[in-house]
Structures are given as C-alpha cells and as structure tokens.
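Okay, so here's the structure we're looking at.
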Amino acid sequence: MLDIKLIRHDTESLRKKLERLHCETPLDLILERDARRRDLLVKVEELKSERNRVSKEISREADSSHREMRIAEMRDVGDAIAQYDMEIRALDASLNDAMLRMPNVPHESAPDGLSEADNVVIRNTGVQRSFDFEPKPHWELAERLGIIDFERGVKISGTRFYILKGQGARLQRALIAFMLDQHVKCHGYTEIYPPYMVRSECMIGTGQLPKFGDNLYRDAEDDFMLIPTAEVPVTNMHAGEIFDKEQLPLRYVAYSACFRREKMSAGRDVRGIKRGHQFDKVEMVTFVDPAESYDELESLLRDAESICADLGLPYRVLNICTADLSFTAAKKYDIEVWAPGCNEWLEVSSCSNFEAFQARRTQIRFRPEPKAKPQFVHTLNGSGLGLPRTLIAVLENGQEADGSVTLPDALVPYMGGLKRLEPH
RNA sequence: GGAGAGGUACCGAAGUGGCCAUAACGGGCCCGACUCGAAAUCGGGUUGGUGGCCAAAAGCCGCCACGUGGGUUCGAAUCCCACCCUCUCCGCCA
C-alpha cells in the first residue's frame with residue numbers, strides 16, 4: 001500500500017513513476033474518493049463535536065423541559081451523523097479496496113522495460129559443464145534412479161503432483177537442511193517454522209489479496225488459506241508491532257511447503273517437477289530501517305547466491321525490469337540456475353525490497369529515536385532457495401553418461417556420506 | 001464438542017449509562033531535585049490513528065480507538081447481537 005498523503009500531494013511525480021510499470025492503476029479513482037471522503041469528514045466531525053459538547057451539557061441540565069428540548073435537538077444531529085457515517089463508510093470501503101489494488105512504485109534502479117525480455121542480466125557465474133553425451137532432463141534421470149514417482153503422484157492428487165521416493169526424498173531433505181544451516185550459521189538468520197495455513201487478513205498484509213486470490217487454496221468452512229510462500233506467515237507474524245530501533249534488523253529464515261493453484265500457467269511446464277501445486281522452499285524474510293533496505297537487498301541476494309555457489313551450480317542474476325516487477329516489489333532480483341537437461345534457466349530465487357508497501361498494510365513500525373513517532377519499517381524477502389528447481393539443477397548438472405548423478409560435496413554430509421546416486 | 005471466566009496504556013489492574021480515557025491505583029521506564037555517588041524519598045513525564053488551519057515541520061483546534069464489527073441511546077468501556085482471541089474444567093483425539 002502507498003502513502004495516501006504522497007498520493008494526494010505528489011500526484012504528478014507519482015503518476016510518472018507508475019507509468020514505467022505499463023499497467024493500469026486506480027490512481028484517479030483514489031484521488032476522487034479521497035477528496036470526497038475528506039470533504040464529508042470535515043462536516044461529520046463538526047457535528048460530532050457539537051453532539052459531544054451538548055451531551056455533556058445535558059447531563060448537567062437540571063430543568064427538565066430544557067433537557068427534553070436539547071435531547072430532541074441532538075436526536076436530529078444524531079440522524080444527520082448517521083447519514084454521513086453511512087456514506088463515509090461506503091466511501092472508505094471502496095477507497096480502501098482501490099488502495100489495496102495500487103501496485104508498489106518501482107525504484108529508480110529497476111531498469112525500464114516492456115516485458116520480461118527486458119530484464120537485465122547483471123552476473124553470470126559458474127562454469128556451464130560441457131557434456132560428451134546428450135544431457136538428460138531430470139524426469140528421465142529420476143525415472144532411472146527410481147527417485148521420483150510421477151504416476152502415483154498423479155494417481156493420488158492429480159496433475160502437477162509427484163512423489164519423491166528413497167534417495168530423492170532424502171536429497172530434498174538434505175537440501176533443506178543444508179540451506180537452513182547455511183543461513184542460520186553463516187548468515188545469522190533466525191530459523192522459523194511457521195503455520196502453513198493463515199487467515200485471509202495475512203494474505204492482504206503481504207499483498208496476495210485482493211488481486212491474486214485466484215492462485216490461493218482456501219478452506220471451505222473456515223477463514224483459512226494455504227500459504228503460497230513462507231513470506232506470508234513470517235512477515236505477518238510481526239503485524240501491528242512497533243520495534244525499537246535497536247531491535248532491527250530482524251532476519252528470519254523459514255522452510256515451508258508452498259501451495260499454488262497455478263491457474264495463470266495452466267498447461268505450461270507440465271513435464272517434470274518444475275512447477276507443482278505443492279512445493280518446498282526455504283525463504284528469508286527481513287525487517288529493516290528504511291535507510292538500510294537497499295544494502296539489505298544486496299546482502300539478501302548474496303546470501304541466496306551463496307547457496308547456488310556452494311552447490312556448484314552455474315547461475316545468473318537478473319535485475320527485473322519495471323514491466324516484470326511483481327505487484328508488491330519496488331525492486332527485484334531473480335536468480336536462475338542452468339539446467340542442461342531441460343536446456344533452460346530455472347528461477348530458483350526472487351529477492352525483493354518491498355520498502356514500506358507490506359509494512360503499511362501490516363502496520364509494522366519502529367521508533368527511530370526512543371520517543372519519536374513510529375514509522376514503517378522496510379520488509380524484504382528472498383528464496384534461499386526453491387527446492388524443486390534446485391533439485392532439478394543438482395540432478396541435471398551432476399549427471400554422468402551412465403545415468404548416475406554425482407552429488408555436490410556440500411550435500412555429502414547431509415546424505416549420510418553418499419556421494420553419488422546410482423541407477424537401479 | 002460442552003460448561004465457565006476473561007480481553008482497558010509498556011506490565012498488572014479499577015471502572016455496571018454522563019462527575020472514568022487528559023484512563024484511578026500499583027509497577028516499570030525517562031527527566032529533574034536531594035547525594036561525593038548510589039539506594040531510599042520527593043516532583044514531573046510516558047498510547048496510537050486521523051482531519052482542518054496548511055504543501056511540509058512546529059503549533060493550535062477537532063474526530064476516532066477500552067479484542068473486532070454492528071446495534072440501542074441525546075450520550076456506551078458500561079446495555080444488546082455477531083465474530084475473534086486467551087485461560088480453567090469436562091469430553092474426544094495424533
């Protein structure tokens with residue numbers, strides 16, 4: 001959510017910045033509703049002030065005919081207030097809805113662009129292995145290794161589900177443990193195990209709702225939704241809180257399963273485990289002083305990259321252009337690893353600075369000085385990393401001609417000393 | 001699932017229709033006095049949001065918030081309805 005005062009007073013410079021997104025925004029609707037709302041507010045508050053004053057007088061009024069007269073007067077004032085209040089409430093609801101649908105303002109360092117083709121590759125690291133045989137996609141490797149059961153996954157849950165089995169299940173568990181350990185021990189994050197189901201207000205807080213409800217699974221009876229990322233519970237866990245400056249930055253890392261309908265990408269990426277309705281992810285979430293949030297974004301990105309590097313995976317980093325920025329982000333980097341079997345770059349991480357966008361929705365604040373007015377923190381998050389795609393990269397990059405897979409050294413301790421997966 | 005109790009400021013807590021939200025009282029914390037310094041004592045301070053004057057800051061004048069949302073009333077922390085949450089006991093359960 002944007003600052004309504006900024007919208008009011010810096011309208012034209014805001015409009016210019018939003019044009020870079022190349023999408024429709026409810027800016028004019030907001031301006032109109034806000035002006036009307038304040039107009040009514042002035043009137044109703046005047047009436048309320050009068051009612052408060054006279055009501056106090058009534059309580060001290062001894063003469064009963066005077067008393068009755070004044071009560072009758074106030075009855076009319078009360079009716080007028082009720083009328084205004086009703087109108088204001090309706091206006092509030094539509095203004096609030098429009099505010100919640102307003103995208104974040106892109107940071108100046110996010111490159112201009114019209115589509116994802118305009119994302120800027122800022123780093124390309126690691127050596128892409130040259131194969132003296134045709135590298136296979138992970139679904140073929142996994143089949144021969146007997147570590148993923150696609151058919152039975154579909155049998156029990158339908159399309160976009162699979163079962164990890166034996167060393168496949170273990171490999172995923174090893175990756176999760178490795179990532180969590182790195183972020184906790186080497187990068188100083190605090191580990192969180194969050195609920196996977198949250199109330200819808202949390203989805204509003206982090207920006208999944210109201211715009212992207214299509215992508216969420218929800219409980220039919222209760223106000224519960226399945227999280228599409230650990231960002232949702234971990235960010236919302238501090239909703240409504242006011243921190244002291246010394247408590248910041250707060251850095252968390254959470255492993256969770258994630259659930260997404262993937263309606264937008266129906267029919268895409270149906271082969272293999274690249275895109276499922278349920279997947280695992282290790283997510284970093286931080287809360288910082290606004291003055292430090294762009295330094296924090298760089299360090300968050302480094303922490304995510306270090307996992308790719310430790311696993312020996314070739315990867316590149318993209319600075320996401322304005323047209324491809326997500327609704328909530330002011331700036332975003334994607335990390336993509338190379339998958340030689342699928343022959344494509346796979347997005348394994350998005351690292352974003354949301355600035356005050358989520359903090360304003362969730363009311364997460366801090367005091368810059370002990371007695372100062374609270375102001376909004378900046379929130380950031382980044383995957384570190386998404387599991388299925390990391391698993392794909394480990395399998396496809398480590399494959400040998402005989403169908404075996406050499407595991408990265410970093411994972412060997414987590415695999416009980418196992419260095420290689422062998423086909424049956 | 002059943003029965004009961006409760007949700008007020010940083011914490012505890014009083015308040016059953018106006019004299020209680022500028023929130024009693026106690027504690028914590030901050031500032032000051034006393035002191036060589038400290039303790040004790042004494043004095044003062046200590047919620048957030050929002051509107052107008054006004055583009056912003058300071059200031060002044062209002063409005064809103066007693067778990068949340070509605071309602072009754074001239075007037076609601078207080079009465080009514082719905083919901084959320086916490087605790088105790090019972091039942092069931094991995």
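Numbers restart at 1 for each chain; the letters A, B, ... are given by sequence-line order, proteins then strands. All figures in this text were calculated on a predicted structure; none of them were measured in a lab.
Projected onto RNA chain B by closest heavy-atom contact, A/Val44 and A/Leu41 fall at different nucleotides, the more 5' of which corresponds to A/Leu41. Nearest-nucleotide assignment on RNA chain B puts the 5′-proximal partner with A/Arg365, out of A/Ile4 and A/Arg365.
Between B/A77 and B/C64, the distance separating the two C1' atoms is 15 Å to the nearest Å. Nucleotides B/C83 and B/G7, compared at atom C1', are 14 Å apart to the nearest Å. B/G4 and B/C81 are spaced 14 Å apart, taking the P atom of each and rounding to whole Å. For B/U78 and B/U16, the P atoms lie 12 Å apart once the distance is rounded to whole Å. Comparing B/U86 with B/C30, their C1' atoms sit 32 Å apart, to the nearest whole Å. To the nearest whole angstrom, the two P atoms, one in B/C90 and one in B/A76, are 42 Å apart. Spacing of C1' atoms, B/G75 relative to B/C19, comes out at 14 Å, to the nearest Å. With P as the reference atom, B/G28 and B/C11 are 15 Å apart, rounded to whole Å.
Phosphate proximity of B/C63 to A/Ser49: present, with a side-chain N or O under 4.0 Å from OP1 or OP2. Close to B/C64, at under 4.0 Å from its OP1 or OP2, lies a side-chain N or O of A/Asn52. Proximity of A/Arg38 to the phosphate of B/G52: a side-chain N or O atom is located under 4.0 Å from OP1 or OP2. Of the side-chain N and O atoms in A/Lys373, one or more sit less than 4.0 angstrom from OP1 or OP2 of B/G49.
Protein atom CD1 of A/Ile88 is 17 Å distant from nucleotide atom C1' of B/G70, rounded to whole Å. Following rounding to the nearest Å, A/Ile71 (CD1) and B/G17 (P) show an atom-to-atom distance of 17 Å. Rounded to an integer number of Å, the gap from A/Ile242 CD1 to B/A9 C1' is 12 Å. As a whole-Å value, the separation of A/Glu57 CD from B/G18 P is 18 Å. In this structure, CG of A/Asp223 is placed 18 Å from P of B/U68, rounded to the nearest angstrom. Look at CD on A/Gln363: it is 12 Å from C1' on B/U50, rounded to the nearest Å. Counting to the nearest Å, the P atom of B/U73 and the CG atom of A/Asp76 are 13 Å from each other.
Residue A/Arg51 has its side chain nearest to B/C74 when only B/A56, B/C74, B/G71 are considered.
Side chains of A/Asp223 and A/Ser200: a donor on one and an acceptor on the other come within 3.5 Å. In summary, the side chains of A/Tyr294 and A/Glu355 do present a donor paired with an acceptor at a separation below 3.5 Å, with no hydrogens or angles considered. Using a 3.5 Å distance cut-off with no hydrogens or angles, the side chains of A/Asp280 and A/Gln172 do pair a donor with an acceptor. With hydrogens and angles left out, the side-chain atoms of A/Thr206 and A/Glu231 include no donor and acceptor closer than 3.5 Å. Side-chain contact, A/Glu298 with A/Tyr333: a donor N or O sits under 3.5 Å from an acceptor N or O.
Base contact: A/Arg67 has a heavy atom under 4.0 Å from a base atom. Across all strands, A/Arg53 comes closer than 4.0 Å to no nucleic acid atom at all (heavy-atom distances).
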CA sep, side-chain torsions, deciding dist, call: A/Asp34, A/Ile7, side chain to side chain contact (heavy atoms under 4.5 Å, CB included): CA-CA 10 Å; A/Asp34 176 57; A/Ile7 295 176; over 6 Å; no
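With hydrogens and angles ignored, no donor-acceptor pair closer than 3.5 Å exists between the side chain of A/Arg8 and the base of B/G51.
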